[in-house]
Number of protein chains: 2
Amino acid sequence: MAKRAHHTLLLLCTMALLLLTVVSPSTGLSLDTVRDFLTREEDTIVFSLIERAKYPLNRPAYDPVHFGAGAGQRLNASFAELFIRESEAVQSKSGRYQSLQEIPFFAHRVPFALAPPYNFTRELYLAAASVNVNDAIWSMYFSELLPVLTKNGDDGNYAVTVDSDLACLQALSRRINYGRYVAEVKFRDDQQTYTSLIQAKDRDALMKLLTSEAQEDVVKKRVEKKAIVFGQNVTLDGPIETGVNNTNQANFKIDPSVVYKLYDQWVIPLTKEVEVEYLLHRLD
Amino acid sequence: MAKRAHHTLLLLCTMALLLLTVVSPSTGLSLDTVRDFLTREEDTIVFSLIERAKYPLNRPAYDPVHFGAGAGQRLNASFAELFIRESEAVQSKSGRYQSLQEIPFFAHRVPFALAPPYNFTRELYLAAASVNVNDAIWSMYFSELLPVLTKNGDDGNYAVTVDSDLACLQALSRRINYGRYVAEVKFRDDQQTYTSLIQAKDRDALMKLLTSEAQEDVVKKRVEKKAIVFGQNVTLDGPIETGVNNTNQANFKIDPSVVYKLYDQWVIPLTKEVEVEYLLHRLD
């Protein structure tokens, strides 16, 4: 009886929160804050890639069918997938996905039982807020990026390895799906133009409007430089102003051109895909 | 019946593995590999601190008593502790602690049900291998380091925040408890001297023998420099050789002197404590 009353209360609170979300005006989102966020996320992405590259490929962690330690126990999913599912379940229970900036790779409907409550301001248009390309990020990461990021080999550190995969995936997901915030800001800045293109469902024109090749070029060169600066072996030789002692590529922890390519071929195009999808739902 | 047979088999395998461990000679451990490991871990520690500092302190995550989202649900542990316990349980199940390099903050006796099997070579003396100072690291991290590492504030991102605490704690734990490997190498290099000091239980003499102030000084200055290089805001201005564009401290993501102090007051002393403890059990 007390339990039912408790559930009703919880439901009411949730509804009130949702209502508040729809009614309350969004604040704090501007082209500057959005750009600052994306620039800061570059560091997170580069750090996470460098950390993943500490370990060799560790292929057994990714076999789509593998045998657990209890031998004979055949599991129809890779160790990586099982690990990420279980980790995301803990994080979901802990309220990670209360923030719309975070989107899980596997849907979780766990009520957040652990987390202290917090009333997030919602800056996105609700009907479009769930737009994401996590499936594309997942497959790009494992099929395209990992093989060029890591050295071949197997050191058995599967849990630590896959934990660092998860850190990379979360950073990439946050950055790429942040396209929703970018699109929201751009929409608000020029509602008239966007509204007519959205009503005409003109994907190509939207994509063109969202594209700034000069800006994209700056971003790609900057992340490549970050890979150089953060991936160097820092020693006490040389003045402290000189961050890069040696630009010989063999001395870097990850290949800077891989990071350039990651942004050129996947991060930027996928972000724009998110932007277009978000806009197409912006008037729903 | 089949289940019991299965358990017996598992037990036998575990025993065989342990036996193999005791018998097989350790390889690959030298003063050079140990030093390389420790130097590389510095980068991991600095990255993890920079990532934690992205978020404000978020104090409600650390309240020793807090109320879960289900309101009225009083929990006698901080959110941080609950989150880390649950995350470690997943990692334990995934075999993370099969590698002696990793030590959980909360003991877990979960059999690793997810992980593909791997036969680790054990480089430590088994009777001393479980020596660790995780309790000291835990309390130092939350009481001393967090308040000076983060800005005051509360953005509600408790799960992401505490997830990045866990990354810091794991990096610090791996680095500090690696003192066991350092001690093992030093012991093997000079068995006679160490054996007599261990038999005499002469902690002070052991500590003195393990201390190299010149080397410690290099390490402290190097991690401070890493905090500068990795914590700067990288821009495309200036030549690529110049990693640090601006040594104005306000531009760094974390205060480099905090990292110096972290190593000076905690990482190095705690590592030596681990070394001494390990040695005192090296002849058990």
Side-chain angles (χ1 to χ4, degrees), chain A residues 6 9-10 40 43-44 47 50-51 54 60-61 66-73 79 82-83 86-87 90-91 93-96 98-99 102 111-120 156-160 162-163 167 218 221-222 225-226 228-230 232 234-236 240-244 247, chain B residues 6 9-10 40 43-44 47 50-51 54 60-61 66-73 79 82-83 86-87 90-91 93-96 98-99 102 111-120 156-160 162-163 167 218 221-222 225-226 228-230 232 234-236 240-244 247:
Chain A
H6 175 231
L9 183 71
L10 200 66
R40 177 62 188 83
D43 297 40
T44 300
F47 292 159
I50 291 174
E51 287 302 289
K54 249 169 107 165
H66 86 273
F67 296 88
Q73 189 190 4
F79 169 70
L82 294 172
F83 179 89
E86 298 228 6
S87 299
V90 172
Q91 305 217 356
K93 190 171 158 186
S94 307
R96 182 181 187 112
Q98 268 186 286
S99 160
E102 306 286 334
F112 24 94
L114 287 181
Y118 188 83
N119 187 7
F120 283 95
N157 286 311
Y158 307 127
V160 190
V162 175
D163 197 31
V218 168
K221 283 183 181 144
R222 188 173 56 216
K225 186 169 172 184
K226 285 183 179 180
I228 293 173
V229 173
F230 302 152
Q232 67 181 309
V234 174
T235 62
L236 281 182
I240 203 158
E241 288 76 25
T242 310
V244 179
T247 45
Chain B
H6 175 230
L9 183 68
L10 201 66
R40 177 63 188 83
D43 297 41
T44 300
F47 292 159
I50 291 173
E51 287 302 288
K54 250 169 107 166
H66 86 274
F67 296 87
Q73 190 190 3
F79 169 70
L82 294 171
F83 179 89
E86 297 228 4
S87 299
V90 171
Q91 305 217 357
K93 191 171 158 184
S94 307
R96 183 182 186 111
Q98 267 187 285
S99 160
E102 306 285 336
F112 25 94
L114 286 181
Y118 188 84
N119 187 7
F120 283 94
N157 286 310
Y158 307 127
V160 190
V162 175
D163 196 31
V218 168
K221 284 184 181 143
R222 189 173 55 216
K225 185 169 172 186
K226 286 182 179 183
I228 292 173
V229 173
F230 302 152
Q232 68 181 308
V234 175
T235 62
L236 280 182
I240 203 158
E241 288 75 23
T242 310
V244 179
T247 45

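Sequence lines set the chain letters: A, B, ... in the order given, protein chains first and strands last, and positions in each chain run from 1. All heavy atoms count here, side chains included; hydrogens, waters and symmetry mates do not.
- Chosen from B:D43, B:V162, B:V90, the residue pairing most often with chain A at heavy-atom distances under 4.5 Å is B:V90.
- Using a 4.5 Å cut-off between heavy atoms, B:N157 contacts chain A through both its backbone and its side chain.
- Heavy-atom minimum distance, B:P116 versus A:P60: CG-O, 4.0 Å.
- Between A:Q91 and B:F83, some side-chain heavy-atom pair lies under the 4.5 Å cut-off.
- Top candidate by heavy-atom pairs under 4.5 Å with chain B, chosen from A:G156, A:S87, A:G95, is A:G156.
- Rounded to the nearest 0.5 Å, atoms CZ (A:R40) and CD (B:E51) are 4.5 Å apart.
- Ring geometry for A:F120 versus A:Y118: interplanar angle over 60°, hence perpendicular rather than tilted (30 to 60°).
- At a 4.5 Å heavy-atom cutoff, the contact between A:Y158 and chain B is made by side-chain atoms alone.
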